[in-house]
Amino acid sequence: MTSQVSPSQGAGGSDVEDEDVDLFSVNWNQDHSCFSAATANGLRMFSCKPFKEQLRRIQEDGGFRIVEMLFRTNIFGLVGQGADKQYQQNKLTIWDDCHNLLIGDFSFKSNIRAVKLSKDYFVVALEHEIYVYSFKTLKLIHLIDTTSNPKGLCCLSHHADISVMACPGMRQGIVRVEHFGSKETKFITAHDSNISCMTLTVDGLLLATASVRGTLIRIFNTMDGACLQEVRRGVDKAEIYSIALSPNLQWLAVSSDKGTMHIFSLRVRPRGKDASNGKSAIAGRQMDRSYSSGSVGSNASSSLSFMKGILPKYFSSEWSFAQFRLPEVTRYITAFGDQTTVMMIGLDGSFYRCSFDPVNGGKMVLDEFIRFMKPSMSRSRTPNT
């Protein structure tokens, strides 16, 4: 890195003018306590509670298209925008910012679409291939062919004892799940059309997916491929930007280009799971289609849902439990804070924190709004939309 801005300067904007700069991507870290921003002149890192800019690095000859964090460490996966010959779009740099140390460079035959990090592995997604490396040895351990994957869809679990990866298969609508510990591969027929978005739970037990149609989100058991629940975002086609699962597996959040962030109540639980503390029954590795307790609300449904099996499937759909309206002008990715708080970060440099009533649902409450790419870093209760 050629120069840096200290957290105190970057967060307050007191010493460094925050010029207008292109924001290429934003990404949550693994526990959603922080996020990174890849900009045309470098990178930034923000903590969420309280909201504060923790780190800024400036590149004189160009910035980054992808910045991935490893939990709250200062280890980053960096992919350049191509202006600097040191940081090209087909090269991944693993960088230890704390020690100003290059861990490794990895070049590929085509542009990198996505990078994922965990404590044991890091994954590089190209349009037609997935490369899986060991973090310990920096050696390639898996090379997986995929169907066309321009978004670089892939996800990694982050449990201390279990490593699971999901990515597109070789045919549309198929998800390939790799259980690295047991060396098992599972193929899940998730949708009829191409996969648009996917996410795993921390332990890799659950997989949530959406297709390019963007109307239905499905939740699967990654061990046997069973579909445990299906919820409906809407009727019109939409691009799903992100899917998030709450740590206690009670809630699912979805953001899309329609501008509404939806919250759904989940009815799936690992056997032996204590929903009050979020601990998974890792040993059992089994899932139940069990309903939530009476203290948690249920998803909306049609008044004709009692005629399931007679009327078309649409009438038995589960609709969202809570909603929050966002501007439709940019892409947002979402994550859970605590169990009834959801955060969203947008490519327009905006940060939202909102909460929902776990019993009654409905319209969510905006708790915090920050324009994090502005020099004042001013906080507002209502966004300027």
Side-chain angles (χ1 to χ4, degrees), residues 146-147 153-155 157 162 164-179 182 184-235 237-238 240 242-246 248-254 256 262-273 275 280-282 284-292 296 298-302 305-321:
T146 70
T147 187
L153 297 178
C154 63
C155 43
S157 66
I162 296 175
V164 180
M165 186 199 73
C167 65
M170 285 295 290
R171 293 186 292 113
Q172 71 174 20
I174 303 296
V175 178
R176 176 174 178 155
V177 180
E178 294 288 340
H179 296 269
S182 60
E184 296 180 37
T185 302
K186 184 69 183 179
F187 293 93
I188 297 175
T189 303
H191 301 272
D192 295 330
S193 51
N194 283 324
I195 306 297
S196 174
C197 191
M198 66 174 73
T199 192
L200 285 168
T201 49
V202 171
D203 57 16
L205 278 173
L206 286 181
L207 168 74
T209 66
S211 75
V212 291
R213 294 175 184 170
T215 54
L216 298 173
I217 294 89
R218 293 179 176 138
I219 300 94
F220 297 91
N221 178 345
T222 62
M223 294 301 294
D224 60 15
C227 183
L228 302 175
Q229 190 174 352
E230 177 184 281
V231 296
R232 180 175 289 275
R233 178 212 55 82
V235 179
K237 184 176 180 179
I240 302 299
S242 68
I243 304 173
L245 293 157
S246 68
N248 65 355
L249 300 188
Q250 287 187 340
W251 310 104
L252 178 145
V254 177
S256 74
H262 294 272
I263 299 290
F264 298 89
S265 175
L266 292 181
R267 297 184 282 104
V268 293
R269 298 286 183 273
R271 294 174 187 171
K273 180 175 179 65
S280 291
I282 299 298
R285 302 287 289 165
Q286 299 180 54
M287 302 296 298
D288 279 332
R289 293 182 179 87
S290 61
Y291 284 81
S292 303
V296 176
S298 299
N299 296 322
S301 62
S302 167
S305 60
F306 69 93
M307 299 183 70
K308 181 179 180 179
I310 300 175
L311 294 175
K313 191 176 181 181
Y314 167 87
F315 290 97
S316 60
S317 296
E318 295 183 48
W319 298 77
S320 62
F321 172 76

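What you see is a predicted model; the values in this text were computed from it and never measured.
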Enquirer: Distance from Gln172 atom CD to Ile195 atom CD1, nearest 0.5 Å?
Expert: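 Taking CD in Gln172 and CD1 in Ile195, the distance rounds to 9.0 Å.
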Enquirer: Would you name the heavy atoms of Leu252 and Val254 that are closest together and state the gap between them?
Expert: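 Reported closest heavy-atom pair: CD2-CG2, 3.3 Å.
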Enquirer: Applying side-chain contact (heavy atoms from CB on, under 4.5 Å) to Val212 and Ser196, what does each step give before you reach the verdict?
Expert: CA-CA 5 Å; Val212 291; Ser196 174; 4.2 Å; yes
Enquirer: Go through it in stages, so that I can follow the logic: the residues are Thr147 and Met170, the test is side-chain contact (heavy atoms from CB on, under 4.5 Å), and I'd like the CA-CA distance, side-chain angles, deciding distance and then a yes or no.
Expert: CA-CA 5 Å; Thr147 187; Met170 285 295 290; 5.7 Å; no
Enquirer: What is the distance from atom CE of Met198 to atom OG1 of Thr209, rounded to the nearest 0.5 Å?
Expert: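 Rounded to the nearest 0.5 Å, the CE-OG1 separation comes to 7.5 Å.
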Enquirer: I need the Asn221 CG to Leu206 CG distance, nearest 0.5 Å.
Expert: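 That separation rounds to 7.0 Å.
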Enquirer: Working to the nearest 0.5 angstrom, can you tell me the gap between Ile240 CD1 and Arg213 CZ?
Expert: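 Answer rounded to 0.5 Å: 13.5 Å.
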Enquirer: If you look at every heavy atom in Thr222 and His179, which pair is closest and at what distance?
Expert: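 Thr222 and His179 have their closest heavy atoms at O-NE2, 3.0 Å.
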Enquirer: Of the non-hydrogen atoms in Cys227 and Arg218, which two are nearest, and what is the gap between them?
Expert: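 Closest pair (atom of Cys227, atom of Arg218, distance): SG-CB, 4.2 Å.
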Enquirer: Taking the side chain as everything from C-beta on, heavy atoms only, tell me whether His262 gets closer than 4.5 Å to Ser256.
Expert: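 Contact flag for His262/Ser256 side chains = no.
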Enquirer: Let me see the working for Val268 and Leu249 under side-chain contact (heavy atoms from CB on, under 4.5 Å), right down to the final yes or no.
Expert: CA-CA 7 Å; Val268 293; Leu249 300 188; 5.7 Å; no
Enquirer: Roughly how far, to the nearest 0.5 Å, is the CD1 atom of Ile243 from the CG atom of Leu207?
Expert: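 It comes to 8.5 Å.
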Enquirer: Give the minimum heavy-atom separation between Val164 and Asp203, together with the two atoms involved.
Expert: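 Shortest heavy-atom separation between Val164 and Asp203 comes out as CG2-O, 4.2 Å.
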Enquirer: Walk me through it: do Thr146 and Leu153 pass the test side-chain contact (heavy atoms from CB on, under 4.5 Å)?
Expert: CA-CA 10 Å; Thr146 70; Leu153 297 178; over 6 Å; no
Enquirer: For residues Leu266 and Trp251, report the shortest heavy-atom separation together with the two atoms involved.
Expert: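 For Leu266 versus Trp251, the nearest heavy atoms are CD1-O, 3.7 Å.
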Enquirer: Can you check whether Ile162's main-chain N or O pairs, donor with acceptor, with Ser157's side chain at less than 3.5 Å?
Expert: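 Here the side-chain-to-backbone pair exists.
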Enquirer: Would you give the length of the straight line joining atom CZ of Arg233 to atom CD of Glu318, rounded to the nearest 0.5 angstrom?
Expert: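 Rounded to the nearest 0.5 Å, the CZ-CD separation comes out at 16.0 Å.
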Enquirer: Specify the closest pair of heavy atoms between Cys167 and Met165, including all atoms of both residues, with the distance to one decimal.
Expert: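 For Cys167 and Met165, the tightest heavy-atom pair comes out as SG-CE, 3.8 Å.
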Enquirer: Pairs in or reaching into residues 184-202: which pass salt bridge (Lys or Arg N to Asp or Glu O under 4.0 Å), with residues at least two apart or in two chains?
Expert: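 Passing the test, one end in residues 184-202: no pairs.
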